[in-house]
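Notes follow once the structure below has been shown.
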Amino acid sequence: MYPEPPNTVQQELGYRDIVRIGQEYAVSSGYEVTEVAEAVQVRPNYWRVRFGLAPRGSGRLLDLEFDEAQRRVVGSTEVGGAAGRVTPGP
């Protein structure tokens, strides 16, 4: 399953930045990202990005909440596996 690409050039640039910054955040937080499962703009300047986590096929996911205006992750939730874990953003 691949995320739907954005419609406009501005959305495409925002999408790429969100995914890149989200991946950097996940890696710096100790996660091994295997794929971008979903990236959606839920309201202006606010995105939800879902990454699949290693090992591939484990069902573990990392949901990040991203404020595009501030260009930072504002919250994260690990889901799947035995239990979910919520971690506050920086």
Side-chain angles (χ1 to χ4, degrees):
M1 175 165 124
Y2 295 98
E4 292 260 336
N7 307 5
T8 67
V9 171
Q10 184 177 10
Q11 285 177 317
E12 175 67 24
L13 292 173
Y15 171 86
R16 287 182 182 179
D17 283 343
I18 300 310
V19 169
R20 179 184 53 78
I21 293 168
Q23 286 176 321
E24 290 171 0
Y25 173 86
V27 169
S28 71
S29 297
Y31 293 100
E32 186 177 340
V33 175
T34 61
E35 64 188 342
V36 178
E38 179 181 53
V40 292
Q41 187 172 15
V42 293
R43 62 180 188 256
N45 297 319
Y46 197 82
W47 291 71
R48 186 185 70 240
V49 184
R50 174 172 282 177
F51 293 100
L53 298 175
R56 187 178 297 275
S58 68
R60 291 178 53 227
L61 301 168
L62 178 65
D63 284 345
L64 298 180
E65 299 166 15
F66 188 86
D67 184 327
E68 186 176 18
Q70 295 181 27
R71 300 187 59 78
R72 68 183 191 102
V73 174
V74 295
S76 65
T77 306
E78 183 182 330
V79 294
R85 179 176 84 184
V86 176
T87 359

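Everything numeric in this text was worked out from a predicted model, so none of it was measured.
Of the inter-residue distances, the one linking Leu62 atom CG with Glu32 atom CD reads 13.0 Å to the nearest 0.5 angstrom. Taking CD1 from Ile18 and CZ from Phe66, the interatomic distance works out to 4.0 Å, rounded to the nearest 0.5 Å. Once rounded to the nearest 0.5 Å, the distance linking OH of Tyr46 with CD of Gln41 reads 12.0 Å. One finds the CZ atom of Arg16 at 14.0 Å from the CD1 atom of Ile21 (value rounded to the nearest 0.5 Å).
The minimum heavy-atom distance between Arg60 and Pro55, with the atom names listed, is NH1-CD, 4.4 Å. Nearest heavy atoms, Val19 versus Ala39: CG2-CB, 4.3 Å. A pairwise comparison of heavy atoms in Leu64 and Ser76 identifies CD2-CB, 3.3 Å as the closest pair.
Arg43 pairs by the side-chain hydrogen bond (donor to acceptor under 3.5 Å, both in side chains) definition with nothing, not counting sequence neighbours. Under the side-chain hydrogen bond (donor to acceptor under 3.5 Å, both in side chains) criterion, Gln23 pairs with no residue at all, not counting sequence neighbours.
Salt bridge status for Arg50 with Asp63: present, with a side-chain N to carboxylate O gap under 4.0 Å.
In this structure a side-chain-to-backbone donor-acceptor pair under 3.5 Å is missing from Arg48 to Val42. Judged by distance alone, the side chain of Arg72 and the main-chain N or O of Asp67 form no donor-acceptor pair under 3.5 Å.
Put simply, the side chain of Tyr25 does not reach to within 4.5 Å of the side chain of Tyr31, judged on heavy atoms. Contact check for Asp17 versus Arg71: side-chain heavy atoms found under the 4.5 Å cut-off.
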